[in-house]
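Just so we're on the same page: letters track the sequence lines, and every chain starts at 1. Since the model is a prediction, treat every value here as computed from it, not as a measurement.
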Amino acid sequence: MTKELNFEGWTCPMPLRDHSNIIMSHGGGGQLSAELIQHLFLPAFSNEQLEALGDSAVFDLGNRRLAVSTDSFVVQPLFFPGGNIGHLAVHGTVNDVSMSGATPLYLTAGFIIEEGLALESLGLIVGSMAAAAAEAGVRLIAGDTKVVDRGHGDGVYINTSGIGVVPDGVTIGPDRAEPGDMVLVSGTIGDHGMAIMSVREGLQFETSIESDTAALNGLVAAMLEETRDLHVLRDPTRGGVASALNEIAQASGVGIMLEERKIPVGAAVASACELLGMDPLYVANEGKLIAIVPQEHADVLLDTMQRHRHGAEATIIGQVVEDHPGMVVARTGIGGTRIVDMQVGEQLPRIC
Amino acid sequence: MKYLDEYRDPELAGKLFDEIRETGKHHWTMMEVCGGQTHSIIRNGIDQLLPDTVELIHGPGCPVCVTPLETIDRALAIASSPDVIFCSFGDMLRVPGSEKDLFRVKSEGGDVRIVYSPLDALKVAGENPEKEVVFFGIGFETTAPANAMAVFQAKQLEIANFSMLVSHVLVPPALEAIMSSPSSRVQAFLAAGHVCSVMGYWQYEPLVEKYRVPIVITGFEPLDVLEGIRRVVVQLEEGRAEVENAYERAVLREGNLPAQRMLKDVFTVCERTWRGIGSIANSGWELSDKYREFDAAHRFTVTDIKTQESPLCRSGEVLQGLIKPNQCQAFGTVCTPRKPLGATMVSNEGACAAYYRYGRFAEVESANT
């Protein structure tokens, strides 16, 4: 016989104090990452370009507008289905520069290499970078190499910076979304994150998921040829589509309404996410972009994207609205609604 | 998604909503036992679309939420020990102990690793013979067979540096405790399909008999949940109280017998404290004497655990279905997923977290209309 429970005086956990150390979630692209930037980096380095919080900073130099961006790549494993850290290091920065509408021209690369890394592996990675840069039409013009003691790195970390030129008449930024604009995504989401998960230690499940890593400057150029009146471009890397849209909603002070059934997710990614209890909206992408564009241009831009090889599965997934400013909301498959919130940290596979 | 899309069909969902609306003449209160069901209900907006005659209350079925604070603190102490590799399912890493969580232990130098299966932890033990490898064995009857298998294999393979901190909880005694409480508002249960896929549902029959409470075994997809609700409403309106299996594709009355044999070999039933609820007789599993050598609670001497809970948090009442998450004054103000007061706000499957993440829009909507 179960004894009767005492409803009085039931207790519950005390508040967690703020973390005094960096935890992994500070790098997860969610709320903790945003807080680190807002409360630590921005106050220290405060300036107009940085505070715009775009994927790249745009500034005037003489009569040219330039875009500059930097990114570090610490992916494990170094080689994964669909690519390697070298591909990512080029594509990631090319894409960050492209999301301001700029034409990326030059890259730099810094290598932090762990003692013991096989030269053959490094050769393959560098070869991939060269091929990716050539394909994207950018030149790698400066670099740096450091070697750290064995055990102080995961094989190799790569930092790349990129610089590009913003065409006249292009003003793209996360604060430019307006009610009525349409939200487009260039293809299926979650492929990169789940490709990495599928080869992580302890989770080798058999799938055909490959990373979507790709340089998107060609796709952006094709869109800009159609119209220069694009409002926001974003490549939804860490934190996925959900985090990118939350950042846009907050920067622009607008609401975003998604149609859940229209969000393209590949069958293998959807299954893997189901298995692990993850939401593909929060899974990283490395070859997709979100475009927020005036309603009158949406159909023609969708057509343009679908004709490009990196946008063949482009879809309109939602609309910018006046309601619930700063929030992203999805209409669910069965007709309800739900908030698509900013993650606190990284998504964690659930217990059951 | 061949086998899932058919359980998310909006037209069929619409028909089920209509049937629930037409069948339900009276107001009925039912509890979904499992956090996975709560998650599905809120994530799909089912609660917004149900008629007022159906009131869903959320049960204690979140293993992350109900793991006792004392056990979390013990886990944190063990994970902080030098020469220990502490392995856990990912969603336990954010659950607050009295002062910290496993993420913080990791950031302070503890070797804390996310694994996807207890057998992976066993592999880590095999690869690191100079370390003690501890797996955090929590969960309901669903995760227990795999955890039992890991301990069984550790014994067979004589992996001496592996142990498990076990805090398994069992559903039927919790339902009994809820029903025996004088303040219970529960008129029916949506029982968790995956628990029943392991244990079967014969053990719910005495409960139905004793408390005249319908129990419908329910899956987790929107149509599964809606079908469960429909069957509950039909039973309640007809004055029946039976165990019904609405998850036939996964559940048999007798359950998974090989899994049950493994469980019986490795675990014995014990009294267990549920975080936010209290102690419930016969509601947990611990390692049996035969496997005691693999019990981390015995292997590691942890003293001086002083648990401290917040007086503001009402997650105990949430877990019992006495209040809804947003009826707690701390909800969404001093208690958020970023700074959780209680474990129900920490876990993705916790009722408070589900309300916070998916339910806030409903409030925004109702405020606008």
Non-hydrogen atoms of B/P10 and A/G333 that approach each other most closely: CB-O, 3.4 Å

Locate the shortest heavy-atom distance separating A/G336 from B/L49; write the atom from each residue and the value. N-CD1, 3.7 Å

Atom [atom1] in [X], atom [atom2] in [Y]: separation rounded to 0.5 Å?
| X | Y | atom1 | atom2 | value |
| --- | --- | --- | --- | --- |
| B/I42 | A/R338 | CD1 | CZ | 12.0 Å |
| A/T332 | B/I46 | OG1 | CD1 | 8.0 Å |
| A/I334 | B/L16 | CD1 | CG | 9.5 Å |
| A/L276 | B/Y116 | CG | OH | 7.0 Å |
| B/Q48 | A/T337 | CD | OG1 | 3.5 Å |

Quick one: list whatever passes salt bridge (charged side-chain N to carboxylate O under 4.0 Å, His left out) with A/E259, sequence neighbours left out. A/R331

Mind checking salt bridge (charged side-chain N to carboxylate O under 4.0 Å, His left out) for B/D224 and listing every partner two or more places apart, or none if nothing turns up? B/R249

Heavy-atom distance under 4.5 Å between the side chains of A/I339 and B/Y356, does that happen here? no

Got a sec: does the CD of A/E322 have more than 12 other heavy atoms crowding it under 6.0 Å? no

Using a strict 4.0 Å threshold on nitrogen-to-oxygen distance, state whether B/R8 and A/E260 make a salt bridge. no

